[in-house]
Amino acid sequence: MSKEITPRAQDYSQWYNDLVIKGSLADYSAVRGCMVIKPYGFALWENMRDVLDKMFKDTGHQNAYFPLFIPKSLFEAEEKNAEGFAKECAVVTHYRLKTDPNNKGKLIVDPEAKLEEELVVRPTSEAIIWNTYKGWIQSYRDLPILVNQWANVVRWEMRTRLFLRTAEFLWQEGHTAHATKEEAVIETKKMLEVYADFVENWMALPVIKGVKTANERFAGAEDTYCIEAMMQDGKALQAGTSHFLGQNFAKAFDVKFSDKNNNLEYVWATSWGVSTRLIGALVMAHSDDQGLVLPPKIAPLQVVIVPIFKGDEQKAAIDAKVTVMMAELKALGVSVKYDDSDNARPGWKFAEHEMKGVPVRIAIGARDLEQNIVEVARRDTKEKANASIDGIGLHVKHLLDEIQQNIFNRAKAFRDDHITEANNWEEFVELLDNKTGFISAHWDGTPETEDKIKEQTKATIRCIPLDNKQEAGTCILSGNPSTQRVLFARAY
RNA sequence: CGGGAAGUGGCGCAGGCCGGUAGCGCAUCUGGUUUGGGACCAGGGGGUCGCAGGUUCGAAUCCUGUCUUCCCGACCA
């Protein structure tokens, strides 16, 4: 099997596909736009999910599960939300197949089994959840409701890409209900912070926290907060969103509560989500031409040990040492695998584990045993160094921390180096054409201007950064006055 | 959905124009030698050529339809 990866410089898209497939994260399937997540990729997702799930629970949320199908009449209740997703909904219209009388052994949809009402396969769950919340909420004492769901959703995209945009994807969606606007806004921002914390400190991916413009806002939201990450080709990738939904869904589904003064009020809402798309972000942000580079804190496997030996005697001596090292590493909470399979030679194993992004590789051979050392190779820099077997556990544990930090620093340095200010239209266009990355520029605040810029350059406003510096300026396109810079980029 | 490319043993490809019953490399299996950056020798197994029709004595090859994938757009997390 060819294991060569297309170099980034040659074809960035192909490089990405190669990483996902040859790194054993996922595979194409027989289903249009849908991928198979392979065990290694799913282990990565499980690690991410577990950390996030704990963070949600630590902030007071509980998990629940709502139906995959949403009756069309419920789905259309919140008009903007429905409109926003209408173009990409899969719809169930029948509930039965039957054998084809004209074609033996084949099945056809039974025309007599047409549903009274079509079912929309959820592209997001606000509708079914708010329809449910109506029954849960009568009094201010029932609030807040802090619920999260881990689920799959379907969005029938025109063009799909592994992890970045698939017709079906896995995600979590938090849906909360509150008595006051203030509380809902606080919740929205809190969850944005949780996402930023997770993506930066676990995935080692620096993000910019911000607010979306009206054009880029979630359908049905009053405000969409987001974290934006930069990929190695300079394009932006929305890594997570947290929406303040106002009372839109409460009004659409008639969810009211009695407050302390016995006034009937509409409930305030938020929703927030991250998806398997984060895996795509991870791959594109850190990896290189040799394969994946995974942050130790969420890597399915942190350390691999490769023996190098001639004959059974040497193997036995190495095995004995490795057993001790493995115990030491495991006691420190490090995940480690001893790759002593006999069907591949060391060089092949080295390449294979680099491809899969295992953060640390330990090689141990007969001549190392004599000196009581091993060769420790780190994936992020590909540096190799000898280390004493005594105290190897702590040494590796510290190295994993260092790798985690280094991957983050590297990504952050790249990102900071690729955010450039543009002060007029010529500079803006020049930067887009000649330097990849984000552009910080003044904008007059109107959707019309934003649309025109998108039309002419394919660049969109990724966000208005939170805590943005206020400064007087003029819009790069219209020349109208502006009070702050916003971030533009071409995006995934 | 528009433009381009592609689908042939597990993977990567050749063959196709000019129809005659499928080949190469890697992987795999057996035996042996090997093992400090993707080993070598010898022998073996595995494919109704994406799917469905059609033309023909005969189709991987020609025709029609269809599905899927990749790249570039429009749409989007």
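Throughout, protein chains are lettered first and strands after them, A, B, ... in sequence-line order, and every chain is numbered starting at 1.
Considering only side-chain N and O atoms, A:Lys349 lies nowhere under 4.0 angstrom from the phosphate OP1 or OP2 of B:U35. A sub-4.0 Å separation between OP1 or OP2 of B:C71 and a side-chain N or O of A:Tyr12 is absent. Side-chain nitrogen and oxygen atoms of A:Arg159 include at least one within less than 4.0 Å of the OP1 or OP2 phosphate oxygen of B:C72. Contact check, A:Asn343 against B:U28: no side-chain N or O comes under 4.0 Å of OP1 or OP2. OP1 or OP2 of B:C72 has at least one side-chain nitrogen or oxygen of A:Ser13 nearer than 4.0 Å.
Proximity note for A:Met355 (side chain, C-beta onward) versus B:G38, B:C76, B:C71: the nearest is B:G38. Nearest nucleotide to the A:Lys454 side chain, out of B:G37, B:C75, B:A77: B:C75. Side-chain atoms of A:Pro346 lie closest to B:G36 of the nucleotides B:C71, B:G36, B:G38. Taking only side-chain atoms of A:Ala351, from C-beta outward, the nucleotide of B:A77, B:G36, B:G38 with the closest atom is B:G38.
Taking 3.5 Å as the limit, the base of B:G36 and the side chain of A:Arg345 contain no donor-acceptor pair of atoms between them. One cannot find a donor-acceptor pair under 3.5 Å joining the base of B:G36 and the side-chain atoms of A:Lys310. For a distance-only test at 3.5 Å, the side chain of A:Glu375 fails to qualify as a donor-acceptor partner of the base of B:G37.
Here A:Gly33 lies in heavy-atom contact (under 4.0 Å) with sugar-phosphate atoms only. A:Asp368 comes within 4.0 angstrom of a base, heavy atoms only. Counting any heavy atom pair closer than 4.0 Å across all strands shown, A:Phe218 reaches no nucleic acid atom. Nucleic acid contact for A:Val31: sugar-phosphate only, since backbone atoms but no base atoms lie under 4.0 Å from a heavy atom of the residue. Nucleic acid contact class of A:Lys458 (heavy atoms, under 4.0 Å, all strands): sugar-phosphate only. If you check every strand for non-hydrogen atoms under 4.0 Å, A:Leu164 touches a base. Among the atoms of the strands shown, none is found under 4.0 Å from any heavy atom of A:Thr124. At a threshold of 4.0 angstrom between heavy atoms, the contacts of A:Tyr28 are confined to the sugar-phosphate backbone, with no base atom among them. Nucleic acid contact for A:Arg32: sugar-phosphate only, since backbone atoms but no base atoms lie under 4.0 Å from a heavy atom of the residue. Residue contacts for A:Glu354: at a heavy-atom cut-off of 4.0 Å it reaches a base atom on one of the strands shown. As judged by a 4.0 angstrom heavy-atom cut-off over every strand, A:Ala344 is placed among residues making no nucleic acid contact. Using a 4.0 Å heavy-atom distance criterion, A:Gln238 is classed as a sugar-phosphate-only contact.
Annotation: cation-pi pair A:Arg155/A:Trp171 present, NZ/CZ under 6.0 Å from the ring centroid and within 45° of its normal. Judged by the 6.0 Å and 45° rule, A:Arg277 forms no cation-pi pair with A:Phe163.
Between the CE atom of A:Met158 and the P atom of B:C72 there is a distance of 17 Å, given to the nearest Å. Look at CD on A:Glu157: it is 16 Å from P on B:G73, rounded to the nearest Å.
The backbone N or O of A:Ala269 lies less than 3.5 Å from no partner atom in the side chain of A:His243, so there is not a single donor-acceptor pair.
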Item to check | Check against ring-ring contact (aromatic ring centres under 6.0 Å, His included), A:Phe253 and A:Tyr133 | outcome: CA-CA 9 Å; A:Phe253 290 92; A:Tyr133 282 179; over 10 Å; no
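Once rounded to the nearest 0.5 Å, the distance linking CD1 of A:Ile308 with CD of A:Gln314 reads 10.5 Å. Atom CD of residue A:Gln149 and atom OG of residue A:Ser271 lie 12.0 Å apart, to the nearest 0.5 angstrom.
Only the C1' atoms considered, B:C75 is 44 Å distant from B:G19, to the nearest whole Å. When the C1' atom is compared between B:G47 and B:G15, the two are found 14 Å apart, to the nearest whole Å. With C1' as the reference atom, B:U56 and B:G20 are 12 Å apart, rounded to whole Å.
Taking for each of A:Gly311 and A:Gln14 the nucleotide of RNA chain B with the nearest heavy atom, the 5'-most of the two is the partner of A:Gly311.
For A:Phe218 and A:Phe85, the distance between ring centers is under 6.0 angstrom.
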